[in-house]
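Taking it in order: structure first as structure tokens, then the write-up.
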Amino acid sequence: MTGSMRVHSTFAQEIPMAEPARQPQPQPARKPQPRPAEVVERILDDAQKRPQDYARETIVPKGGE
Amino acid sequence: MLDRLHGLENEYAIRFEPAGAGVERPDHADVFRALKNSIAWTVETAPGARNGRDQFFVSNGGSFCYEALPSAYDGGLIEGATPEVRGPGQSLLYQRAQEELLLRAIPRAERTLANEGHPGSLGLLRNARDAEGHIYGPQENYEAVLARGPELWLLRACLPVVMVGSWLTCAALWLLIGVTVVVGLPLLLAYAIVLALRDPGDDGIPGLGHRIAAGFEVAEMAITLPLLLPFLLLLRGVAFRGVRRTMTAFLVTRTVFAGVGTLDGDVFGLSEKGPAVRRVTRVTALPFERPIFDFGNLCKQLQMPFFGRMLAPWSLWNPRQRLQLGFSHANRADVAGFLKVGATGLLLDLEEAGALDDAPRLRRPVKALHRICADVELKRSYRTSHGEMTALAIQRWYLHRARTWVDGQAVASPEARRVLRLWTEVLDGLEADPAKLSGVLDWPTKRALIDAARPRVLTAALKKIDLRYHELGPEGYFTQLRDAGLARQLVEEAAVAKAVANAPPDTPAHQRGQLISALGADADVRFGWAEIRQGRGLRAEVIPLDRFRR
């Protein structure tokens with residue numbers, strides 16, 4: 001779990017905006033934001049759901065360009 | 001300063017999750033058509049000139065088309081090109097607008113596919129490498145000086161010879177088409193009869209259509225290669241030579257801030273495309289070369305007579321042409337995307353002002369790039385004309401030179417100042433601790449997620465993080481981080497919403513956008529990047545999109 005702890009601390013604080021003048025305007029009816037740790041947990045949970053199927057569903061036969 | 005036209009090309013991998021066990025996956029070409037129809041419900045659209053790729057333009061001046069190899073036509077990608085923009089701020093804005101437009105189109109496209117017998121969930125990934133290691137993805141285009149002085153005149157002197165060769169190639173290709181029709185029609189007729197007679201449970205004759213397409217592809221390459229090879233060698237000698245000499249070290253080492261990170265097996269690297277790069281400059285027309293500097297766009301101008309534009313090669317007379325960077329990065333993080341384009345554009349300004357003549361040159365650029373991609377600690381050094389330097393030291397050299405040059409200008413653009421400020425910030429951060437740039441740059445963000453998952457999940461789940469980081473919409477991992485305030489944003493959502501339908505001012509895209517509104521519904525009009533053609537054949541009226549060119 002050390003890796004998990006590390007990322008949670010990595011994402012523990014909201015990243016300060018470098019350009020305050022360009023911050024998005026607050027939305028009046030916006031949902032409360034989840035805590036950073038919850039977001040990371042949700043991503044890690046989703047990553048474990050059918051990962052082989054996800055990889056297969058996103059294959060690009062013979063590539064592009 | 002930072003005023004040149006530029007644009008980004010992206011490729012979106014298609015994800016389709018069937019709604020049930022018995023549901024068949026749609027062809028990617030069908031997915032593209034469903035998205036195209038859905039986009040037309042959102043913004044005004046107009047047909048593009050590239051019929052073979054089902055290209056269309058949208059009212060903000062950008063374009064979409066279906067990108068596929070003839071031999072794998074059903075498994076292609078969605079290619080999205082931003083409108084021509086000026087400056088990294090506009091670039092980022094229209095990149096985000098392109099994503100937003102596709103995202104809005106997905107629900108209706110899903111309904112269309114369901115009605116056609118393919119119920120399921122559709123997603124798009126803006127990345128450059130799939131789970132099997134296939135490489136595709138973004139390219140950058142900048143208006144830049146093609147050549148100067150004797151090199152320019154050498155190029156111009158060779159143009160008539162090249163044009164004659166181009167016309168001969170054109171004639172050979174038409175002959176090939178004629179032979180294909182004469183020989184191929186009976187074959188196709190026989191194939192259709194076999195298909196009509198076959199058992200419905202039978203899979204038919206697999207791959208026959210693909211084999212015909214692949215055969216045509218090989219024949220086309222064999223005919224065009226004799227023409228393109230000398231032209232490519234000429235371009236390799238003179239085209240964008242100053243840029244290649246002075247900026248290759250920058251483009252290779254900018255991977256440290258622009259790389260999006262990727263997982264190869266269990267090993268994390270900085271760049272998806274970097275390990276696949278084989279050359280600094282394209283020397284053949286073969287697709288697997290994957291150069292840093294790609295001249296494919298200039299070769300296409302030569303091939304234009306094939307598509308009915310006999311004078312197109314003469315546009316190569318212009319000393320300013322489109323510089324195409326084949327080695328780019330599918331950034332989701334705003335800061336990385338802004339800086340990638342901003343620092344590159346600023347250094348092109350310096351190069352054209354002669355302020356980069358003593359820039360460091362890597363001894364073996366491609367080998368250095370491969371090593372940089374594998375060096376997540378950013379500690380290795382590389383042989384350059386200035387001695388051994390780390391990737392960060394090379395970036396510091398360019399940053400210092402850019403700051404000195406900007407400070408010396410009578411009027412410095414605020415956007416250039418912003419580029420310098422962010423560039424300094426990320427290099428300082430990378431030197432101190434890259435992990436602290438989670439939410440600012442892509443690869444530290446992706447790496448933090450993968451490191452968090454490593455102790456408790458299988459390798460397949462780690463690969464899913466690598467891939468789904470790039471998926472558009474609320475299910476994409478980067479989007480989830482951004483929506484939660486864990487990634488720094490440089491553009492307002494309201495501005496993105498406006499850019500979905502409105503072209504950037506002061507660009508050819510603005511003129512194109514206006515004409516799409518006025519003429520888009522006319523079935524006889526074809527839109528292109530340089531001009532619009534109304535009518536067919538030699539009597540077509542051509543409207544050049546040059547009102548906002550400088």
Side-chain angles (χ1 to χ4, degrees), chain A, chain B residues 11 13-17 67-69 71-72 75-77 79 125 130-132 134-137 287 290 326 335 418 421-422 425 435-436 438-440 448-449 451-458 460-465 467-468 475 477 480-481 483-494:
Chain A
M1 291 299 288
T2 50
S4 179
M5 294 302 288
R6 186 160 73 244
V7 79
H8 290 186
S9 62
T10 300
F11 288 106
Q13 294 181 339
E14 288 196 9
I15 308 287
M17 301 288 182
E19 316 294 333
R22 286 180 173 249
Q23 276 188 345
Q25 296 298 312
Q27 301 293 315
R30 202 164 183 172
K31 289 189 296 186
Q33 285 187 342
R35 290 187 303 131
E38 289 172 4
V39 177
V40 176
E41 281 301 324
R42 199 170 60 210
I43 289 172
L44 300 191
D45 285 346
D46 181 77
Q48 294 174 74
K49 293 175 188 163
R50 303 171 48 249
Q52 287 96 344
D53 289 346
Y54 188 88
R56 194 168 49 246
E57 286 159 5
T58 54
I59 293 290
V60 177
K62 299 201 177 183
E65 293 182 297
Chain B
E11 290 181 335
I14 293 167
R15 174 187 67 76
F16 184 81
E17 183 185 348
E67 174 85 16
L69 293 173
S71 51
L77 303 126
E79 183 178 295
L125 286 72
D130 70 11
E132 291 185 349
H134 298 127
I135 299 294
Y136 40 94
R290 299 209 177 88
V335 173
R418 195 180 183 201
R421 199 166 60 243
L422 284 172
E425 183 191 335
K436 289 185 176 166
S438 293
V440 179
L449 286 174
D451 284 351
R454 242 182 232 284
R456 51 176 161 151
V457 304
L458 299 171
L462 301 180
K463 190 62 192 174
K464 184 175 175 183
I465 293 174
L467 294 167
R468 203 163 209 183
E475 294 183 321
Y477 297 159
Q480 290 186 32
L481 295 173
D483 290 351
L486 298 173
R488 188 191 295 178
Q489 279 189 262
L490 298 183
V491 292
E492 297 175 20
E493 296 302 329

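Every chain is numbered from 1, with letters handed out A, B, ... down the list of sequences. Bear in mind the structure is a predicted one, so any value in this text is a computation, not a measurement.
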Straight-line distance of A/Arg35 CZ to B/Leu486 CG, nearest 0.5 Å: 12.0 Å
Portion of B/Tyr477 that has a non-hydrogen atom of chain A nearer than 4.5 angstrom: both
State the CD-CZ distance between B/Glu17 and A/Arg56, to the nearest 0.5 angstrom. 11.0 Å
Under a 4.5 Å cut-off applied to non-hydrogen side-chain atoms, are B/Leu481 and A/Ile43 in contact? yes
Heavy-atom side-chain contact between B/Lys464 and A/Asp46 under 4.5 Å: yes
In Å, rounded to the nearest 0.5 Å, how long is the span from CD of A/Glu57 to CG of B/Leu125? 10.5 Å
Closest approach of B/Arg456 to A/Leu44 (non-hydrogen atoms, all atoms of both residues): NH2-CD1, 3.0 Å
Side chain, backbone, both or neither: which part of A/Asp53 has a heavy atom under 4.5 Å from chain B? neither
What are the two closest non-hydrogen atoms of A/Ala55 and B/Leu467, and how far apart are they? CA-CD1, 4.0 Å
Does B/Asp130 reach the side chain of A/Ile59, with side-chain heavy atoms less than 4.5 Å apart? yes
Heavy-atom distance under 4.5 Å to chain A: side chain of B/Arg454, backbone, both or neither? neither
I need the minimum non-hydrogen distance between A/Val60 and B/His134, along with the two atoms involved. O-ND1, 2.9 Å
Spacing of B/Lys463 atom NZ and A/Tyr54 atom OH [to the nearest 0.5 Å]: 11.5 Å
What residues, two or more places apart in sequence or in another chain, satisfy side chain to side chain contact (heavy atoms under 4.5 Å, CB included) together with B/Ala494? none
